[in-house]
Amino acid sequence: MSWRDRILKDFPAEAYTLTIVGDRHQLFADQKLRSQLRDRGYELIFYGSDSIKFRYEYEQLRIKNSPIIAIVPLDEANIFNKFPYDILNRTSFRTEYGLNDLFPNLNENILAKFNSDEWEQIYTSITNYPNTPLGEKATQIFLQETLSKSPLPSATTSIAQLHILLRDISNGYQLLSNYQINRPITDDLQPIYDELATHLNQLQTHPPTHKNWLEFAPLWAKAIVTRYATINAPEWEHQSQLDILFSNWIQQNYDKLHNRSFIKSPITLDKIPHFLSRQIENKSAQKIALIVFDGMGWDTWLILEKFLAARNNQKHKITRSSTFAMLPTLTSISRQSIFAGKLPQSYADSLKTTSKEPSHWRNFWLEQNGQNQGQNWTKNAIAYLNVRGNPADIATISETLAHPKQKIFGLVVTKIDDISHGMTLGTQGLHQQTKQWVEQGFFADLVDLLSDRGYHIYITADHGMIEATGMGRINEGAFVEQRGERVRIYSDQALSQTACSKYPDALFWHSQILPADCQPLFAPHRVAFVESGDRLMCHGGISIEEVIVPFIEISTSAAP
C-alpha cells in the first residue's frame, strides 16, 4: 500500500463535483498522485498568487462539467479568507491533508525534508507507529531504526544519513550489521583508487614536497567526483592515513611556503596578484580577469571544467595548476589574501569581514605603478565585483567591463559556497546542484564574455569544502572570536589551549602568517564543531579538499 492510497480512498471516481483540499506539505505536487486522481475523472487546479489565472481555469472546467479538485497550499495563515467566496459556497467536499495524516505521531518538520518517493519507502517500511507524538530527534532515530531494522546509537542519526539509507535500500543493497553497506567498487573507480594507493605509498616512503601535494590534489578530486557519481561506492580505505599525513605535513611545512617564487605559478593565494602583475609586465597579457569562486574545491572545478570543455568545443585552452589557501580556510581570511596580495597578518583589522576586498584590489594595482615596467594604472582601469552567479549577473558584469579604460577585473562568484552551506545531502548533493547550476549557462557565458572583450582569464578559489561529521559543540560564550564549523579562533593562546583540553582530538596550531591575536583551534580530520552525529558541508580546517585549490588559466585557442 502507498501513502497515496491513504488520500485516494477519499476520492471515489467522479464522486464530487467540486472539492477544496488544503495541502499542508505539497502532497498534491506529486505527479503520481495527480495522475491517479485524473484517472478517476478529476481535474486539478492550484490556488496561488495569481487569482485571475485560478478563476479562469476554474470557470473553464466548470463549463465542461468536469469534477474539480482545487488545491490550496496551507503555507499562509488564514489563506481561506482570500479564497473566492462563491467557489467555497459551491463546494461539495472540503478536506485537508498533511504529513501527520499519513505518518501518525511522526514529526512533520523531519518528514518534510524527504521527497515523495522517499515518503513511499518510509510508508511501506513502517508497520507500527509510535503511540505518542515524537519530536524531531526522536523521529530521526525511529526512522533509522525502522529502516535499518536494527537499533543504532542516536549520535549516528542525521537527515543526510537517512537520505543515504533510503537510497541504499531503493538500490537493493544488502544491509549488514551496524548499518554497513555491501557496496561494490566499480570499474571506473578501482583504477583511480589503485593510483591513489601508489601515490600514497610514495608520499609515506619519501618526504613529500609541496609540489607532490599540489600534483596529488587533482587526482584526489577525481576520485571524489567518480565516487559520488557512482551509486553507493565506498570511500577509499586509506583515506584516514592520507588525512593524517597531510595534516602533519602542513604543521611542519606550511609557513615555509610563503617565501617561494611565484614566477612560474603562485604557490599560495597571496601571490596570485603578484603573478598576474608579472604576466602584464612580460606582455603575456594586456587585460587580466581574475575569477574567484568562493568555496570551489578541485572536485567542483572538475565539474565546471567538463561542462566548459563540452560547450566550447576546444574554443578555449585550459591550463591547470594548484595553490595553497590561507589557514584557517575561512572566507574572510583566505579570500582577502587573493585581492590584497598579502598575508593575513597584514590585514589584521579586517580578518572578520570581506568588505575591504575592493580597496585591497585597487590598492594593490595602484602600488604597482612605478614598480613594474610599463604599469601605470588609474582607478578607472581597475574593477572589482561580487555576484552570486545567476544568469542575470552577466548583464551587470558586461556593464562593469564597458568602461574603455578597464584593464584589471576582479570578480567573486559566491554560488558554489551558497550551495554548500545550504546542503543537507553532503558531497553528492553539492555535485548534483553544481551541475544543475553550471547547466544554466552563467559560467560558460562569463568565459565567453571575458574572452570576447580581450581578457586573459584566471580562475581560483579561497577554499574548498569537506563533508564532515559533528563531534559536539564547544560552548565558550564570549571567549571565542570567530565560530566556524571546522575551526574556532581565540584572541590568545591560553583560551585556545583551554578549549583544546576539553576536546583532546582537536588541533591547536598557530601559523606565523596570522596575527598574534588570531589563535585557531582546528577540528581534526573529517569532523566539525557541530552537534554530534550531524553531517554537513563546511570549511575552515586542514584537509586537502579545503587547503589545496585550483589555479586555472583560460586563454583563447589558436585557430587551426
Visitor: Quick check: Phe114 with Phe103 (ring centres under 6.0 Å apart)?
Guide: no

Visitor: What pair of heavy atoms forms the shortest contact from Met471 to Ala523, and how long is it?
Guide: SD-CB, 4.3 Å

Visitor: Give a yes or no on whether Lys287 atom NZ has more than 12 heavy-atom contacts from other residues, nucleotides or ligands under 6.0 Å away.
Guide: yes

Visitor: Would you confirm whether Thr91, through its side chain, and Leu88, through its main-chain N or O, come within 3.5 Å as a donor-acceptor pair?
Guide: yes

Visitor: Report yes or no: does Ser451 contribute a side-chain atom to a donor-acceptor pair with the main-chain N or O of Val447 at less than 3.5 Å?
Guide: no

Visitor: Is the backbone N or O of Arg4 less than 3.5 Å from a side-chain atom of Ser2, with the two atoms forming a donor-acceptor pair by type?
Guide: yes

Visitor: Applying side chain to side chain contact (heavy atoms under 4.5 Å, CB included) to Leu27 and Leu102, what does each step give before you reach the verdict?
Guide: CA-CA 10 Å; Leu27 303 177; Leu102 309 178; 4.0 Å; yes

Visitor: Are Tyr384 and Phe339 near enough that their ring centres are under 6.0 Å apart?
Guide: yes

Visitor: Should the heavy atoms of other residues, nucleotides or ligands under 6.0 Å from CG of Asn131 be counted, would the total exceed 12?
Guide: no

Visitor: Between the main-chain N or O of Met1 and the side-chain N or O of Asp5, is there a donor-acceptor pair closer than 3.5 Å?
Guide: no

Visitor: Determine yes or no for a side-chain-to-main-chain donor-acceptor pair under 3.5 angstrom, with Thr124 supplying the side chain and Glu120 the backbone.
Guide: yes

Visitor: Using side-chain heavy atoms (C-beta onward) and a distance below 4.5 Å, is Leu33 in contact with Phe28?
Guide: yes

Visitor: When the aromatic ring centroids of Phe307 and Phe443 are compared, is their separation below 6.0 Å?
Guide: no

Visitor: Does atom CD1 (Ile63) have a neighbourhood of more than 12 heavy atoms from anything else shown, all under 6.0 Å?
Guide: yes

Visitor: Could you tell me if Glu57 and Tyr47 have a donor-acceptor pair between their side chains, going purely by distance under 3.5 Å?
Guide: no

Visitor: Between Thr469 and Asp534, is any pair of side-chain heavy atoms under 4.5 Å apart?
Guide: no

Visitor: Return a table of donor-acceptor pairs under 3.5 angstrom between the side chains of residues 64-74 and protein atoms on other chains or two or more places apart.
Guide:
none

Visitor: Could you check whether Lys137 pairs with Glu531 (Lys NZ or Arg NE/NH1/NH2 to Asp/Glu carboxylate O, under 4.0 Å)?
Guide: no

Visitor: Got a sec, which pairs hit side-chain hydrogen bond (donor to acceptor under 3.5 Å, both in side chains) with one end in residues 301-310, sequence neighbours left out?
Guide: Trp301-Glu305, Glu305-Arg320

Visitor: Can you give me the closest heavy-atom contact between Val530 and Gly470, atom names plus distance?
Guide: CG2-CA, 3.4 Å

Visitor: Once rounded to the nearest 0.5 Å, what's the spacing between atom CD1 of Ile419 and atom NE2 of His431?
Guide: 11.0 Å

Visitor: Does Arg486 reach the main-chain N or O of His525 with its side chain, forming a donor-acceptor pair under 3.5 Å?
Guide: yes

Visitor: Let me see the working for His539 and Glu545 under side chain to side chain contact (heavy atoms under 4.5 Å, CB included), right down to the final yes or no.
Guide: CA-CA 9 Å; His539 61 92; Glu545 292 98 307; over 6 Å; no

Visitor: Quick check on Tyr129: does its OH atom have over 12 non-hydrogen neighbours (other residues, nucleotides or ligands) under 6.0 Å away?
Guide: yes

Visitor: Within the distance-only criterion (no hydrogens, no angle test), does the side chain of Glu118 pair as donor or acceptor with the backbone N or O of Asn115 below 3.5 angstrom?
Guide: yes

Visitor: Looking only at side chains, do Asp10 and Tyr97 share a donor and an acceptor under 3.5 Å apart?
Guide: yes

Visitor: Report yes or no: do Arg388 and Thr414 form a side-chain donor-acceptor pair below 3.5 Å?
Guide: no

Visitor: Has Trp298 got a side-chain atom pairing as donor or acceptor with Trp220's backbone, closer than 3.5 angstrom?
Guide: no

Visitor: Just do the side chain to side chain contact (heavy atoms under 4.5 Å, CB included) check on Leu111 and Asn100 with the steps written out, would you?
Guide: CA-CA 9 Å; Leu111 292 166; Asn100 201 243; 5.9 Å; no

Visitor: Report yes if the side chains of Leu308 and Ile554 come closer than 4.5 Å at any heavy-atom pair, otherwise no.
Guide: yes

Visitor: Answer yes or no: is there an ion pair linking Arg526 with Glu467, defined by an N-O contact shorter than 4.0 Å?
Guide: no

Visitor: If we count only N and O atoms by modelled type, under 3.5 Å, do the side chains of Gln336 and Thr354 hold a donor and an acceptor together?
Guide: no

Visitor: Hey, are the side chains of Ile489 and Pro328 touching, using non-hydrogen atoms and a 4.5 Å cut-off?
Guide: yes

Visitor: Using a distance-only test with no angle check, is there a side-chain donor-acceptor pair under 3.5 angstrom linking Glu136 and Asn109?
Guide: yes

Visitor: Are any of the side-chain nitrogens in Glu357 or Arg335 under 4.0 Å away from the carboxylate oxygens of its partner?
Guide: yes

Visitor: We want to know whether Ser334 and Asp462 form a side-chain donor-acceptor pair, criterion being a heavy-atom distance below 3.5 angstrom.
Guide: no

Visitor: Just checking, is any N or O donor in the side chain of His463 or Thr331 under 3.5 Å from an acceptor N or O on the other one?
Guide: yes

Visitor: Hey, are Asp117 and Lys32 close enough for a salt bridge, meaning a charged N less than 4.0 Å from a carboxylate O?
Guide: yes

Visitor: Using the benzene-type ring in the case of Trp, are the ring centres of Trp3 and Tyr123 under 6.0 Å apart?
Guide: no

Visitor: Strictly by modelled atom types, are Arg453 and Ser398 linked by a side-chain donor-acceptor pair under 3.5 Å?
Guide: yes

Visitor: State, yes or no, whether a side-chain contact exists between Ile110 and Phe142 at a heavy-atom distance under 4.5 Å.
Guide: no

Visitor: Under the criterion side chain to side chain contact (heavy atoms under 4.5 Å, CB included), I'd like the reasoning laid out for Leu290 against Phe409: C-alpha separation, chi angles, the key distance, then a yes or no.
Guide: CA-CA 6 Å; Leu290 175 64; Phe409 182 46; over 6 Å; no

Visitor: Distance only, no hydrogens: is a donor on one side chain within 3.5 Å (strictly under) of an acceptor on the other, for Glu546 and Ser543?
Guide: yes

Visitor: Within the side chain of Arg40, is there an N or O that forms a donor-acceptor pair under 3.5 Å with the backbone of Phe11?
Guide: yes

Visitor: Nearest 0.5 Å please: distance from the CG atom of Asp417 over to the CG atom of Asp294.
Guide: 4.0 Å

Visitor: Looking only at side chains, do Lys415 and Asn390 share a donor and an acceptor under 3.5 Å apart?
Guide: yes

Visitor: How about Ile288 and Ile457: do any of their side-chain heavy atoms sit closer than 4.5 Å?
Guide: no

Visitor: State, yes or no, whether a side-chain contact exists between Ile126 and Leu106 at a heavy-atom distance under 4.5 Å.
Guide: yes

Visitor: Verify, without hydrogens or angle tests, whether Thr226 (side chain) and Lys222 (backbone) share a donor-acceptor contact under 3.5 angstrom.
Guide: yes

Visitor: Does Gln26 CD have over 12 foreign heavy atoms under 6.0 Å away?
Guide: no

Visitor: Between Ser337 and Leu269, what is the shortest heavy-atom contact and its length?
Guide: OG-CB, 3.7 Å

Visitor: Is Leu430 close to Thr300 at the side-chain level, that is, under 4.5 Å between some pair of heavy atoms?
Guide: yes

Visitor: Strictly below 4.0 Å, N to O, side chains only: are Arg55 and Asp86 in salt-bridge contact?
Guide: yes

